[in-house]
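A note on names: the letters A, B, ... follow the listed sequences, proteins ahead of strands, and every chain is numbered from 1.
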Amino acid sequence: MSKRTIYSVVAILIVIGIYGYEHFLKEEEKDEAVFEGTQVKTETNAYFLPSSTTGQVVHHDGYSLSYSETHEQAEWVAYELKKSHLSSTNHKRPYFEIDEAVKTGAAHWRNYKNSGYDRGHLCPAGDRRYTKQAHDETFLTSNISPQEHQFNSGIWNTLEQKVRYWASKYDGVFVITGGVLKEGLETIGEEQVSVPKQFYKVLIDANNGNPKMIAFLMPHQDSKKPLYEFVVSVDSIEKLTGIDFFPQLDDTIENKLEASSSYKGWSF
DNA sequence: CTGTAATGC
DNA sequence: GCATTACAG
């Protein structure tokens with residue numbers, strides 16, 4: 001073969017490659033549009049996604065998030081915890097990585113180094129133990145918030161374990177969680193990652209015809225109080241954060257469920 | 001479970 | 001930077 005022929009073949013291959021790659025990207029986008037738009041709750045984790053106040057929603061395989069560039073962390077992380085997700089498999093802790101899907105640039109883990117605060121998971125690693133891939137995916141810096149170790153390993157951990165208990169008991173729950181982000185918070189690191197003064201968790205169990213919700217709001221400090229002392233209405237968290245939870249629900253149902261601060265139906 | 005830190009290559 | 005080990009609530 002002459003050099004010229006080889007060059008031609010290479011050129012053609014590159015063109016085919018670029019075309020194929022773009023075609024592939026379009027297919028991906030199309031899938032996602034269908035996924036977010038019309039598909040209902042059977043398989044999707046998009047169905048219960050809250051509104052974003054930042055305009056930057058990122059989807060991963062195991063969870064979705066809305067990233068706040070000003071606070072260098074997610075304003076919410078949302079995921080479904082199915083009963084089938086619960087696993088006792090042990091995985092080695094990987095290193096935290098910058099979430100490349102966050103286009104404004106997610107924070108580096110060095111911001112947390114020697115800050116005195118934990119890299120506190122929002123979507124807990126313990127909820128994604130069913131595969132190594134799902135587990136490791138929680139170690140993105142878009143999925144963490146600075147937390148006091150006493151809080152993280154204390155009452156927050158207790159709440160996360162209670163969520164796993166409910167996921168098992170009610171055959172799955174949908175979880176939305178994050179820190180309450182406001183102006184003027186203490187920050188850590190060069191990138192100024194905000195340290196929330198409160199953390200929230202909102203749950204919905206919609207596995208039968210009678211959906212139920214529960215929401216928790218916790219001060220950023222450990223506590224010996226029982227978990228139910230931290231139950232609040234979803235409405236109050238919406239007011240605090242500006243996030244609209246469950247906008248896809250029928251308004252009548254949404255209004256009724258979100259106004260309630262009762263934990264009837266959730267066994268502690 | 002939730003994590004940090006020290007050490008060695 | 002990565003791997004291993006030790007430690008703490």
Side-chain angles (χ1 to χ4, degrees), chain A residues 62-63 65 72-74 76-100 105-170 172-173 175-180 186-191 193-203 216-230 266-268:
Chain A
Y63 60 94
L65 65 98
E72 288 292 4
Q73 64 194 278
W76 53 254
V77 168
Y79 61 98
E80 186 174 12
L81 182 59
K82 299 182 185 180
K83 190 175 186 177
S84 62
H85 287 150
L86 299 171
S87 156
S88 55
T89 314
N90 249 332
H91 303 285
K92 202 175 83 178
R93 277 185 150 245
Y95 285 86
F96 279 96
E97 287 179 18
I98 293 172
D99 185 350
E100 298 297 340
H108 196 283
W109 56 264
R110 279 199 205 92
N111 292 288
Y112 292 73
K113 185 96 177 164
N114 297 321
S115 70
Y117 290 99
D118 277 10
R119 305 158 173 107
H121 278 84
L122 293 174
C123 175
D127 284 1
R128 305 281 88 151
R129 288 166 67 175
Y130 48 92
T131 63
K132 177 166 171 31
Q133 198 273 334
H135 172 262
D136 288 1
E137 193 183 49
T138 68
F139 285 76
L140 294 170
T141 55
S142 53
N143 185 42
I144 56 175
S145 178
Q147 290 182 331
E148 286 186 15
H149 186 67
Q150 302 281 14
F151 172 76
N152 189 20
S153 64
I155 192 151
W156 189 248
N157 186 22
T158 307
L159 177 55
E160 289 175 340
Q161 292 182 40
K162 187 65 75 177
V163 171
R164 286 191 272 275
Y165 164 74
W166 284 326
S168 169
K169 188 177 178 68
Y170 306 132
V173 289
V175 187
I176 302 138
T177 191
V180 177
E186 176 197 347
T187 65
I188 56 168
E190 284 189 6
E191 292 178 280
V193 181
S194 294
V195 181
K197 289 183 174 167
Q198 297 160 297
F199 287 89
Y200 69 86
K201 210 176 271 289
V202 175
L203 308 178
F216 296 84
L217 181 67
M218 291 185 166
H220 188 183
Q221 59 187 43
D222 195 20
S223 169
K224 299 298 172 202
K225 288 184 190 170
L227 286 177
Y228 55 76
E229 300 251 346
F230 298 96
W266 297 85
S267 72
F268 286 78

Extract from the structure each pairing of a protein N or O with an N or O of nucleotides 7-9 of chain C at less than 3.5 Å, listing the distance.
residue: dG9(C); atom: O3'; partner: Q150(A); partner atom: OE1; Å: 2.9

Excluding sequence neighbours, so at least two apart, what forms side-chain contact (heavy atoms from CB on, under 4.5 Å) with D136(A)? P94(A), K132(A)

Is it true that atom CD of E97(A) has more than 12 heavy atoms of other residues, nucleotides or ligands lying nearer than 6.0 Å? no

Write out all pairs satisfying side chain to side chain donor-acceptor pair (under 3.5 Å) with one or both partners inside residues 220-230 of chain A, taking only residues at least two apart or from two chains. none

Taking ring-ring contact (aromatic ring centres under 6.0 Å, His included) as the definition, give me every residue that meets it alongside W266(A), ordered by chain and number, with sequence neighbours left out. W166(A), Y170(A)

Hey, what are the protein-to-nucleotides 2-5 of chain C N/O distances that come in under 3.5 Å?
residue: dA3(C); atom: N7; partner: Y95(A); partner atom: OH; Å: 3.0
residue: dT4(C); atom: OP2; partner: K92(A); partner atom: NZ; Å: 3.4

Would you please name every residue forming a side chain to side chain donor-acceptor pair (under 3.5 Å) with Y165(A), sequence neighbours left out? S267(A)

Only counting residues at least two apart or in another chain, list the ones meeting side-chain contact (heavy atoms from CB on, under 4.5 Å) with E100(A). I98(A)

Looking only at side-chain N and O atoms, does R129(A) offer a donor or acceptor that is under 3.5 Å from a partner on H91(A)? no

If each of T89(A) and F96(A) is mapped to the nucleotide of DNA chain B with the nearest heavy atom, which maps nearer the 5' terminus, i.e. the 5' end? T89(A)

Taking side-chain contact (heavy atoms from CB on, under 4.5 Å) as the test, write out the residues that go with E190(A), two or more places apart. N111(A)

Heavy-atom contacts under 4.0 Å between residues 123-131 of chain A and DNA chain B, which residues? P124(A), A125(A), G126(A), R129(A)

Residues that W156(A) engages under ring-ring contact (aromatic ring centres under 6.0 Å, His included), provided they are two or more places apart: F151(A), F199(A)

Listing request: all salt bridge (Lys or Arg N to Asp or Glu O under 4.0 Å) pairs with a residue in residues 106-126 of chain A, at least two apart in sequence or in separate chains. none

Closest non-hydrogen atom pair, S142(A) against D99(A): OG-OD2, 2.6 Å

What are the bounds, 5' to 3', of the part of DNA chain B that sits under 4.0 Å from heavy atoms of chain A? dC1(B) to dA5(B)

Nearest heavy-atom pair of G62(A) and Y130(A): which atoms, and what distance? CA-OH, 4.3 Å

